[in-house]
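The structure under discussion appears below in the form of structure tokens.
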Amino acid sequence: RVRALWRGGEAAREHWRSEGVDIEVRTFGERSDPLTRASADTLEFEPDAPASELAAALVELSDADPDQGPPLAGVVVISDGLVVRNAATGEHLRALAGELGVPITSIAAAGPTLRDVSLTRLHVGEFAFVENVTEFAAELVAHGLEGQRASVSLLRDGELVEEQTLRLGDDGDVRTVRFEVAPDRTGQFVYEFRIAPLEGEASTANNRRSFVIKVLRDKVRVLHVAGRPDWDVRALRTLLKRDPNVELLSYYILRDWEDLSREDEDAPLSLIAFPTDELFREQLGSFDLIVMHNFDAQAHGDYLSNVADYLREGGALVVIGGDLGVATGDFDEPALAELLPINLRERVGLEREPFAPKLSDAGRRHPISAWLATSGRADWSGLPALDSFNPTTMRTDASEIGATALLVHPDTGAPLLAVAEPGKGRVMTLTTGSSWRLGFAPNLPLIDGARPYDLLWLGAVRWLLRDASAERLVLETSKAEYALGEAVELSVRTLSASYAPEPEVEVDYEVRALDPELAQAPALAEGRLTTDALGRSSARLEALPAGAYAAEAWRAAEERPNLEDAESGGAARRVFLVGAGSPELAEVDGDPGTALLRQLAEASPKGELIELAKGESLPEDLALADLDQLARPAIGQRDVALWDGWIALVVLIGCFGGEWVLRRRLGAR
């Protein structure tokens, strides 16, 4: 419609030129760009800007240098009026029109009828919680599609989650569609509302709206089994129970070996049997964390291989010492023993001499114990001594599973608190049953308002459950949504097993579109980064097309993990959007746009509104400022003939006369 107007108005434009008006044609998207003479006559250009910034275009005109080029006599705005706006847009545009001080002719290009359905507004948050139902809602507005049925889908990373069908209402009526979703895993995901295109729609670009959701862990399911009740067991059980995000299943094993080996197996007992089969076989995979607290593993050795499988597949395990299990070398199942950072297959007993643990170099940086160094208590200053210790040793092949000791005995250097990352899982061993003293000793110092016991165990839980702050390979984007044409910044950070910055590490990265149809297509961006002395590196991605993307990074020295491995820490993953959808096309009703253009014209002197829907065309007599009153630019020079005036004539005659007299006196002819 705009092109037809412009081409049909060639005679009117020639009339403007005959009146001494130069015509400059400019497009306005995110910025105002002039067209060449050929493009200006035909409007042959691609309107692909993500938004129409009319206010910014008028500001550019008002800020133009008055000393450069001819003065501004008038402005013609051709638009549907559906520009980037907010509650103050109309007032802002009227103010700009007044500042320009020249007539503005607004030409409304919106049509009288329209067939279109659009997603106008999303009602979503930034976060959701795993396995918890959350609601995503979107508002739809339709024009010219009364009574038709529309299919609305919700997708996650390009995969269909749910689909609904609803009947569209009258022009401008708002319909709301709601989806209830229970995310099944943590991480970042791109969700998308999508309306199936209907016949004759004016635009399908407004049928899709995407958003990024970070799914967090809400409830942590913890299995806590203890060989017997004591103060250490009570302290940890109390800490876990008071956290509303923890679903704790806690058992004390009160039947001893004699009860299990009775001759009369059918004889009644006052204590129920420990549900070993149910917990360690049927329900094992449902737990996020397993704590074996002074656990008599010998009586349940048949199930330790199941625990080993659970750990390899991404589970988290804590083994706490005492006078059972660790002291007696009960963890002798080979499948599990090879996954632990310390040797628990030998009888080591239990020492009762009080001692102050020593923080290792790795412990100064590790998220479980770094608070000791930052609080100035790396030498256990002011903290109560511990009074039980299982003198174990680190495994000789500990480096193969990334094992390291964070706290050690001050005299022997034997590991007190050690961690490892076997397979996809994480494990922590604590060879003392007296850590409870960090929470209940007299005159206990508080560190940033928290008990040392809480800092130790909450840090351990965060690391074991792979909280983002405890990851050793971190991939970040500078933001979740980018405008079309905006550069995407990727940054990676690597840490060693002891959580020191890891320099000179090669990290491969890859960026793919989150569209199942493009799953086999080549990556849109890929490369290799090398970290600096601080374990950091970055990449800049230019000119990605509009869409949803997933970026993955992994250490080049390791085999490329698949997506499932990324969930368990084998790779770092981030999702982001490019050109996620301009709100400008969300509301395509032309009436508000025409009203805005009318206000713009009325705010200028001698302004005029022309509506193409009424058959109006370019006017031959364009409203212009009075040309005689326009300030002429000073360009710094003007041409003046030498003989322009009597003084110049006298000087010229004198020069010729003086030459004749001089030649005569010198005898020259």
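As a basis for the values below, the full set of heavy atoms in this structure was taken, side chains included, without hydrogen atoms, waters or symmetry mates.
Applying the side chain to side chain donor-acceptor pair (under 3.5 Å) criterion to Asp332, with sequence neighbours excluded, gives no partner residue.
Side-chain atoms of Ser537 and Thr531 form no donor-acceptor pair, as typed in the model, at a separation below 3.5 Å. Counted by atom type alone, Ser250 and Arg237 present one or more donor-acceptor pairs between their side chains at under 3.5 Å. Between the side chains of Arg555 and Thr494, no donor-acceptor pair is found at a separation under 3.5 Å. For the residue pair Thr392/Asn390, the side-chain donor-acceptor check at 3.5 Å is not satisfied.
Aromatic ring orientation, Phe440 versus Trp436: tilted (interplanar angle from 30° to 60°).
In the displayed structure, Glu135 atom CD is contacted under 6.0 Å by more than 12 heavy atoms of other residues, nucleotides or ligands.
Listed by first then second residue, pairs satisfying side-chain hydrogen bond (donor to acceptor under 3.5 Å, both in side chains) with a partner in residues 406-420 number zero, not counting sequence neighbours.
By the 4.0 Å N-to-carboxylate-O rule, Arg536 lies too far from Glu476 to be salt-bridged with it.
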Next item on the list: Take Phe136 and Leu154, measure what side chain to side chain contact (heavy atoms under 4.5 Å, CB included) needs, and give me the verdict at the end.
Entry: CA-CA 9 Å; Phe136 300 147; Leu154 179 69; 4.0 Å; yes

Notebook entry, point to check: Between Met428 and Leu406, does a side chain to side chain contact (heavy atoms under 4.5 Å, CB included) hold up when you go through it step by step?
Noted result: CA-CA 10 Å; Met428 181 182 104; Leu406 309 182; over 6 Å; no

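Taken to the nearest 0.5 Å, the CD atom of Glu526 stands 8.5 Å off from the OH atom of Tyr509.
Distance alone, capped at 3.5 Å, places no donor-acceptor pair between the Asp296 side chain and the Gly325 backbone.
Residues Leu383 and Pro445 meet the side-chain proximity criterion, which asks for heavy atoms closer than 4.5 Å. Residues Tyr549 and Val190 have side chains not in contact (no heavy-atom distance under 4.5 Å, counting atoms from C-beta outward). At least one side-chain heavy atom of Leu359 sits under 4.5 Å from a side-chain heavy atom of Arg364. With a 4.5 Å cut-off on side-chain heavy atoms, Ile401 and Arg395 count as touching.
The residue from Val212, Leu514, Val511 that alone fulfils the side-chain contact (heavy atoms from CB on, under 4.5 Å) condition with Phe576 is Val511. For the side-chain contact (heavy atoms from CB on, under 4.5 Å) test with Val130, the passing option among Thr186, Leu216, Asp184, Val220 is Thr186; the others fail.
In this structure, Ala335 and Arg312 approach most closely via the heavy-atom pair O-NH2, 3.4 Å.
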